[in-house]
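To start, the structure under review is shown below, and the notes come after it.
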Amino acid sequence: MTDRVPTFRVAPSPTGYLHVGVARTALFNWLFAKHVGGRFVVRIEDTDLERSKEELIEPILSALSWLGLDWDGEIIRQSTRLDHYKQFAVQILESGHGYRCFCSPDQLKADREKAKVEKSAFGYNRRCLELSDAEIQERIEAGEKYALRLRIPEGETTYSDMVAGELIRDNKEIEDFIIARSDGTATYNLAVVIDDHDMGVTHVIRGNDHITNTFKQIHIYQALGFDIPQFGHTPMILRPDKKKVSKRLGDKDVNQFSKEGILPEAMVNYLSLLGWSPKTDNEIYSVEELIERFTPDNFNNSNAVFDQDKLLAFNKEHIQLKSDHELAVMSAPMLVEAGLTTKYWLETRWEYLRNVIAVLKERMKRVSDIVELSGYFFSADFSYDAKARAKHFHEESRLLLIDLAERIEAVDELTLETSEQVITELAVDRDIKKATIIHPTRLALSGVPGGPGLYDIMNLLGRKNVLDRLHRAIDFIANDRTN
RNA sequence: GACCCCAUCGUCUAGUGGCCUAGGACGGCGCCCUUUCACGGCGCUAACACGGGUUCGACUCCCGUUGGGGUCGCCA
């Protein structure tokens, strides 16, 4: 075990989308693998043919890819290994570590209900443990179906958890669980142990809802004579209502965050801080920095509530860290999809897009915010914000805009400097505050009361567009008054 | 219910017996900056669940209570 390359894994089951809980587990394993220079592998847990859905595999993998959690080697699918598991089930049976159980699911269900009412013993009552060889033979020949159970010995089971420390459990609390179904297929716990062994997994980091499974799996490892990996059970990610994040409760597909303008860097950064801490005052880290700092002694052992607002705050920070060009690449398809522009138009005016992003960037909390923020940079076909209109569009401002338009006519080119110059001169000549001019002008050029500095807008729009929009507003105000 | 885990501001967390009149971040609130909206800067708000011990001294150690979470499938 000493010279094995550290191998970590994530093992999603395609019975739902990848939610933040599994994503965070995957991230921890990945970060840890990168930190120690080990391997990170992916396994699809689809032994339950009933509930597993083929079409869910691709979205799960794309979510991992989106997060940047690249994996090593081939993806293992349990459904392709069903036959492989059988020999181990047989081995456990023949070595005396397991036994046949003829109890029907209905029978077991009745047992459980009875035990619940009587508040008596937990787990399987071992009815089939003492069956004689003859009786077993007889029932097999009679065609009775049977499942295989692992026989848990007396005593207690203990192991050292990377997160929780020394864990000990009385074997009375571990029932003789089923390792192979009556149709011969392996159940989750058996398959997991065999796969982790075959894949050379040395470290298993997963949610602490798996602790009971870990105790069961340790007994399978022992029955099979396999080396037991290091286990680490992280606290859960909870929803704001304090319930465990779960696909069964309809929790969000990680892919959805991407659609909502969340940067994978932000998601990774935020997720890394749920149940783990770099133990510094800084919270914003790049993936490289996280890998650098990621050690298991910094795990936390209490559950964490997933906070959308804080994710958004991280997203804002990471957006600011992106170059204008990178943001332009991400924004372009969103702008096209929103119908604000076309792919061709953008391709020929890439610098314009970049400049638009440069002035809008600090206002973006989501990448997709660009759509809401930048409309007027691509189209003059906007309406004026009603409140702002009432405040800034009136006869006085109309005359001001006419004056401004005339002055701009006299200018060759609108730059940052000339824009400011024109406004300043107008203000001085009329002996008014610049703001008096700026507000109606901004509304005339953008239709909205907020946004980048007016000179930036004028500079970007250019002389012709500014003039057109000024005249449009002048006419609008005139018509508005007569109505 | 049984078993297990956990317990610091609303949320994520720092704290590993004296450095704590408990630090940071998000949120909220206020101020400043400012042509607007943002950004940024500054400040404020707000927590050691409770009760017992141990100790010269407990947020830090132990026990109990309470609270929260998890598990209890021929699901994963």
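Computation of the quantities below employed the complete heavy-atom set of this structure, encompassing side-chain atoms and omitting hydrogens, waters and symmetry-equivalent molecules. Keep in mind it's a predicted model, so treat the numbers as computed, not measured. Letters A, B, ... are given to chains in the order of the sequence lines, protein chains preceding strands, and every chain is numbered from 1.
When heavy atoms are screened at a 4.0 angstrom cut-off, A/Ala313 is found touching the sugar-phosphate backbone but no base atom. A/Leu273 comes within 4.0 angstrom of the backbone, heavy atoms only, and of no base. At a threshold of 4.0 angstrom between heavy atoms, the contacts of A/Ser277 are confined to the sugar-phosphate backbone, with no base atom among them. Using a 4.0 Å heavy-atom distance criterion, A/Pro235 is classed as making no nucleic acid contact. No contact: A/Phe306 has no heavy atom under 4.0 Å from any strand. Counting any heavy atom pair closer than 4.0 Å across all strands shown, A/Gly453 reaches a base atom. Within 4.0 Å (heavy atoms only), A/Asn300 reaches sugar-phosphate atoms of the nucleic acid but no base atom. No engagement by A/Cys101 is indicated, since no non-hydrogen atom pair under 4.0 Å with the nucleic acid exists. Across all strands, A/Leu454 comes closer than 4.0 Å to base atoms (heavy-atom distances). Among the atoms of the strands shown, only primed sugar atoms or phosphate atoms (P, OP1, OP2) are found under 4.0 Å from some heavy atom of A/Glu173.
The pairing partner recorded for B/rA49 is B/rU65, the criterion being a Watson-Crick or G-U wobble arrangement whose two distances lie under 3.5 angstrom. Figure legend. B/rC74 is base-paired to no nucleotide; pairs are counted as Watson-Crick or G-U wobble with both atom distances under 3.5 Å. The nucleotide B/rC29 finds its pairing partner in B/rG43, both defining distances of the Watson-Crick or G-U wobble pair being shorter than 3.5 Å. B/rA58 is unpaired under the Watson-Crick or G-U wobble criterion, no partner having all donor-acceptor distances under 3.5 Å.
The separation of B/rC59 from B/rC19, taken at their P atoms, amounts to 10 Å, rounded to a whole angstrom. Taking atom P in both B/rA47 and B/rC5, one finds a spacing of 30 Å when rounded to whole Å. Comparing B/rU13 with B/rG27, their C1' atoms are spaced 15 Å from each other, to the whole Å. With both ends at atom P, the span from B/rA58 to B/rA49 equals 16 Å, rounded to whole Å. Nucleotides B/rU65 and B/rA2 place their P atoms 12 Å apart, quoted to the nearest Å. Look at the C1' atom in both B/rG53 and B/rC6: the space between them is 22 Å, to the nearest Å. Nucleotides B/rU11 and B/rG28 have their P atoms positioned 16 Å apart, rounded to a whole Å. When the C1' atom is used for both B/rC9 and B/rU45, the distance is 9 Å, rounded to whole Å.
Between A/Asp307 and A/Thr212, the residue whose closest nucleotide on RNA chain B is further toward the 5' end is A/Asp307. Both A/Gly123 and A/Thr185 lie close to RNA chain B; mapped to their nearest nucleotides by heavy-atom distance, the more 5′-ward contact belongs to A/Gly123.
Under 3.5 Å, the side chain of A/Asn282 and the base of B/rA25 form no donor-acceptor pair of N or O atoms. Between the side chain of A/Glu362 and the base of B/rG40, no donor-acceptor pair under 3.5 Å is found. One can find a donor-acceptor pair under 3.5 Å joining the base of B/rC74 and the side-chain atoms of A/Ser182.
Nearest to the side chain of A/Ala147, among B/rG69, B/rC3, B/rC74, sits B/rC74. Among B/rU11, B/rG73, B/rU13, the nucleotide with an atom closest to any side-chain atom of A/Ala304 is B/rU13. Among the nucleotides B/rG69, B/rC4, B/rU71, the one closest to the side chain of A/Leu238 is B/rG69. In the set B/rC74, B/rG24, B/rU13, the nucleotide with an atom closest to the side chain of A/Lys310 is B/rG24. When distances run from any side-chain atom of A/Met236 to the nucleotides B/rG70, B/rU35, B/rU11, the shortest one goes to B/rG70. Among the nucleotides B/rG24, B/rC74, B/rU11, the one closest to any side-chain atom of A/Ile178 is B/rC74. Nearest nucleotide to the side chain of A/Val305, out of B/rC12, B/rA76, B/rG24: B/rC12. Residue A/Lys316 has its side chain nearest to B/rG40 when only B/rG40, B/rA76, B/rU36 are considered. Listed nucleotides B/rG73, B/rC74, B/rU13 differ in distance to A/Arg149; the shortest reach to its side chain belongs to B/rC74.
If you run salt bridge (charged side-chain N to carboxylate O under 4.0 Å, His left out) between A/Asp198 and each of A/Arg9, A/Arg43, A/Arg81, only A/Arg81 comes through.
Note on A/Lys244: a side-chain N or O is less than 4.0 Å away from OP1 or OP2 of B/rU71. An OP1 or OP2 oxygen of B/rC6 is reached within less than 4.0 angstrom by a side-chain nitrogen or oxygen of A/Asn301. A sub-4.0 Å separation between OP1 or OP2 of B/rC5 and a side-chain N or O of A/Asn303 is absent. Residue A/Lys243 places at least one side-chain N or O under 4.0 Å from the OP1 or OP2 atom of B/rG69. Residue A/Lys279 places at least one side-chain N or O closer than 4.0 Å to OP1 or OP2 of B/rG15. Remark: A/Thr47 is in phosphate contact with B/rA76, judged by side-chain N or O atoms under 4.0 Å from OP1 or OP2.
Residues A/His203 and A/Asn29 fail the side-chain proximity criterion, which asks for heavy atoms closer than 4.5 Å. Looking only at side-chain heavy atoms (C-beta outward), A/Asn208 and A/Met236 come within less than 4.5 Å of each other.
Under the 3.5 Å distance criterion, with hydrogens and angles disregarded, a donor-acceptor pair is assigned to the side chains of A/Gln78 and A/Asp195.
With hydrogens and angles ignored, the 3.5 Å screen pairs no side-chain donor or acceptor of A/Asp324 with any backbone N or O of A/Ile357. A donor-acceptor distance shorter than 3.5 angstrom exists from the side chain of A/Ser323 to the backbone of A/Glu326, with no hydrogens or angles considered.
Ring centers of A/Phe299 and A/Phe294: under 6.0 Å apart, within the cut-off. Aromatic rings of A/Phe8 and A/Phe28 (six-membered ring for Trp) have centroids beyond the 6.0 Å cut-off, not under it. A centroid separation of 6.0 Å or more is found between the aromatic rings of A/Tyr124 and A/Phe177.
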